[in-house]
Undergrad: 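Pasting a structure here, questions to come.
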There are 2 protein chains.
Amino acid sequence: MATTGDRSRSGTASALDSLDFSLDRSSPVPLYYQFAQQLEAAIERGALAPGDLLGNEIDLSVRLGLSRPTVRQAIQSLVDKGLLVRRRGVGTQVVHSRVRRPLELSSLYDDLETAGQSPTTRVLRNERVPAPADVASALGLAEGGEVTVLERLRFTHGQPVAFMCNYLPAALLQPDTARLESTGLYRLMRSAGITLHSARQTIGARAADAEEAALLDEKEGAALLTMQRTTYDDTGRAVEYARHVYRASRYSFDFQLLVRP
Amino acid sequence: MATTGDRSRSGTASALDSLDFSLDRSSPVPLYYQFAQQLEAAIERGALAPGDLLGNEIDLSVRLGLSRPTVRQAIQSLVDKGLLVRRRGVGTQVVHSRVRRPLELSSLYDDLETAGQSPTTRVLRNERVPAPADVASALGLAEGGEVTVLERLRFTHGQPVAFMCNYLPAALLQPDTARLESTGLYRLMRSAGITLHSARQTIGARAADAEEAALLDEKEGAALLTMQRTTYDDTGRAVEYARHVYRASRYSFDFQLLVRP
DNA sequence: GAGTGGTCTAGACCACCGT
DNA sequence: CGGTGGTCTAGACCACTCA
């Protein structure tokens with residue numbers, strides 16, 4: 001509404017001028033978020049080409065019927081995602097390259113599912129034991145404190161991909177074996193009200209020993225990717241300590257990084 | 001103003017109350033940034049303990065002589081770093097766990113130097129060649145376009161750690177071999193005015209072939225970590241394509257992740 | 001119901017970039 | 001020099017949490 005005379009405003013025309021944005025003020029979704037989503041969609045479907053300038057923030061806010069800080073908040077969120085770049089004195093531009101998601105605290109199950117790999121899981125072990133020293137230290141528990149230990153094999157297309165060993169403080173959650181076989185551990189934890197916050201992770205490699213080779217259908221000595229991870233919730237409690245091994249022939253870690261100056 | 005009677009304000013006392021913050025309005029450093037830095041320092045030296053509440057933003061802004069949005073901007077930057085957690089209706093808390101830096105677009109040289117490993121480099125190759133098909137595709141160049149190819153061995157304490165093969169568009173930079181031996185490639189690129197922005201990276205593993213084994217002082221068949229990376233500058237140009245292999249016995253990737261909901 | 005963070009407004013001045 | 005983003009202010013109302 002009220003967007004009639006859009007002749008020569010200031011500066012140069014922006015590719016944004018021809019786009020429609022619809023904001024619903026009665027929606028519980030924040031206005032800056034509505035705008036950010038529509039802007040992101042426009043970039044991803046190519047309506048805004050790489051290198052295009054957005055046009056200045058003042059005009060933009062007038063056109064959208066928003067205040068400039070609100071428009072800035074939306075733009076900033078896409079800058080943080082790596083989709084836009086701001087340059088003082090120049091303007092805000094769409095980044096050229098295809099930017100995928102930055103590395104997230106991801107679940108192997110979700111990753112595989114997203115990739116259309118139809119993952120399945122076999123639970124080999126699900127019991128409570130006293131924590132070994134290294135596990136107790138990683139989880140910040142007293143040595144011998146009770147932990148749930150999970151051992152799982154993950155398959156795609158019937159082929160083993162990973163052997164996963166996870167330790168959780170027993171007080172936190174007693175995962176149901178049937179559910180573990182039909183979904184990922186992180187989903188189970190989230191649905192138990194645990195808010196994952198951060199993780200410290202180490203990725204390395206080593207040769208498979210005989211037992212690992214048998215489980216993963218590899219030869220002894222084959223290269224394996226290893227991952228160790230301690231995950232914390234938003235109160236800073238350690239909620240998981242994991243040691244995973246992946247068949248290097250069938251799995252690799254793949255992610256996007258952004259520079260944070 | 002009109003902020004005289006500052007007795008029993010609202011809510012509970014905060015651990016922040018006993019801290020001094022000094023803001024310099026004549027400094028070119030933004031106020032929100034000054035406050036964020038001092039707050040971060042207070043957290044890191046333990047003056048604010050994990051779990052401590054910051055006290056509400058209104059009082060804080062009055063005490064600091066800043067507006068609430070400015071205070072929020074400072075707090076938000078620490079939330080983004082993972083040092084603080086906000087909870088609606090509760091307050092802003094210091095996170096319990098030790099949070100290290102999230103994964104950055106890092107330079108092996110800088111990583112090793114930070115770890116006190118006194119890295120050295122031997123440049124095995126530094127020349128311009130027509131781009132092979134896979135390299136041209138990764139860099140978005142025409143096949144046969146000229147690229148600089150670098151092959152380097154990286155040592156710590158006299159032991160080889162990594163064999164690194166990097167391709168750069170030849171027009172971008174002709175790296176000086178002597179400088180490459182005394183610093184990292186990323187520093188060279190930055191000092192040439194290239195602003196690194198993002199990278200797409202794949203980490204995997206495989207067994208060493210005879211040549212790699214000889215270079216890295218490993219046995220043939222030893223597990224190696226592999227990394228492929230394409231790096232982009234802030235205009236979206238691909239500025240580097242790298243294929244590195246690391247001795248798994250001497251190197252692993254280690255980083256902190258934050259959940260981005 | 002009191003207190004918190006989440007969102008939003010309508011201005012203002014400054015620092016930087018290009019011409 | 002004009003135009004851009006970067007910073008900052010002083011308010012406002014809402015949504016959520018917890019007692």
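Here the structure is a predicted model, which means the values were calculated and not measured. Letters A, B, ... mirror the listed sequences (proteins, then strands); counts begin at 1.
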Undergrad: Rounded to whole angstroms, how far apart are CZ on B:F35 and C1' on D:dC8?
TA: 15 Å
Undergrad: From C-beta outward on B:Q73, which listed nucleotide comes closest to its side chain: C:dT7, C:dT9, D:dC8?
TA: D:dC8
Undergrad: OP1 or OP2 of D:dG5 less than 4.0 angstrom from a side-chain nitrogen or oxygen of A:T92, does that happen here?
TA: yes
Undergrad: Can you check the A:I58 CD1 to C:dT9 P distance for me, whole Å?
TA: 13 Å
Undergrad: Verify the contact: side-chain N or O of B:N56 to OP1 or OP2 of C:dG3, cut-off strictly under 4.0 Å; return yes or no.
TA: no
Undergrad: Between atom CZ in B:R72 and atom P in D:dT9, what is the gap in whole Å?
TA: 15 Å
Undergrad: What about B:F35 and B:F21, are their ring centers closer than 6.0 Å?
TA: yes
Undergrad: Select one nucleotide: of C:dC8, D:dC16, D:dG6, the one nearest the side-chain heavy atoms of B:R88.
TA: D:dC16
Undergrad: For C:dT7, take OP1 and OP2 only and decide whether either is under 4.0 Å from a side-chain N or O of A:Y32.
TA: yes
Undergrad: With nearest nucleotide decided by heavy atoms, which residue, A:T70 or A:G89, maps closer to the 5′ end of DNA chain C?
TA: A:T70
Undergrad: Using a cut-off of 4.0 Å on non-hydrogen atoms, how would the nucleic acid contact of B:P69 be classed: base, sugar-phosphate, or nothing?
TA: base
Undergrad: Give a yes/no on whether any side-chain N or O of A:R68 is located under 4.0 angstrom from OP1 or OP2 of C:dT9.
TA: no
Undergrad: Please determine, for the side chain of A:R86, which listed nucleotide (D:dT4, C:dT9, D:dG6) has the closest atom?
TA: D:dG6
Undergrad: At 4.0 Å (heavy atoms only), tell me whether B:R87 reaches a base, stays on the sugar-phosphate, or touches nothing.
TA: sugar-phosphate
Undergrad: Of the listed nucleotides (D:dT17, C:dG5, C:dC8), which one gets closest to any side-chain atom of B:V90?
TA: D:dT17
Undergrad: In whole angstroms, how far is the C1' atom of D:dG11 from the CD atom of B:E57?
TA: 15 Å
Undergrad: Expressed as a whole number of angstroms, how long is the span from B:L54:CG to C:dG3:C1'?
TA: 16 Å
Undergrad: May I have the distance from B:L66 (atom CG) to D:dG11 (atom P), rounded to whole angstrom?
TA: 15 Å
Undergrad: Checking salt bridge (charged side-chain N to carboxylate O under 4.0 Å, His left out) for the pair B:E40/B:K81: CA distance, chi angles, key distance, verdict?
TA: CA-CA 10 Å; B:E40 182 171 359; B:K81 281 194 183 182; 2.8 Å; yes
Undergrad: Quick check: closest heavy atoms across A:Q34 and A:L23, and the distance to 0.1 Å?
TA: OE1-CA, 3.4 Å
Undergrad: Students often get this wrong, so: under 4.0 angstrom with heavy atoms, is B:L31 touching a base, only sugar-phosphate, or nothing?
TA: sugar-phosphate
Undergrad: Rounded to the nearest angstrom, tell me the gap between atom CG in B:L60 and atom C1' in C:dG5.
TA: 13 Å
Undergrad: Tell me the interatomic distance from A:Q76, atom CD, to D:dT7, atom C1', rounded to whole angstroms.
TA: 12 Å
Undergrad: Within the supplied structure, the quantity of interest is the number of heavy atoms (other residues, nucleotides, ligands) at a distance under 6.0 Å from A:R179 CZ; does it exceed 12?
TA: no
Undergrad: Between A:R190 and A:L188, does a side-chain contact (heavy atoms from CB on, under 4.5 Å) hold up when you go through it step by step?
TA: CA-CA 6 Å; A:R190 286 201 182 93; A:L188 234 56; over 6 Å; no
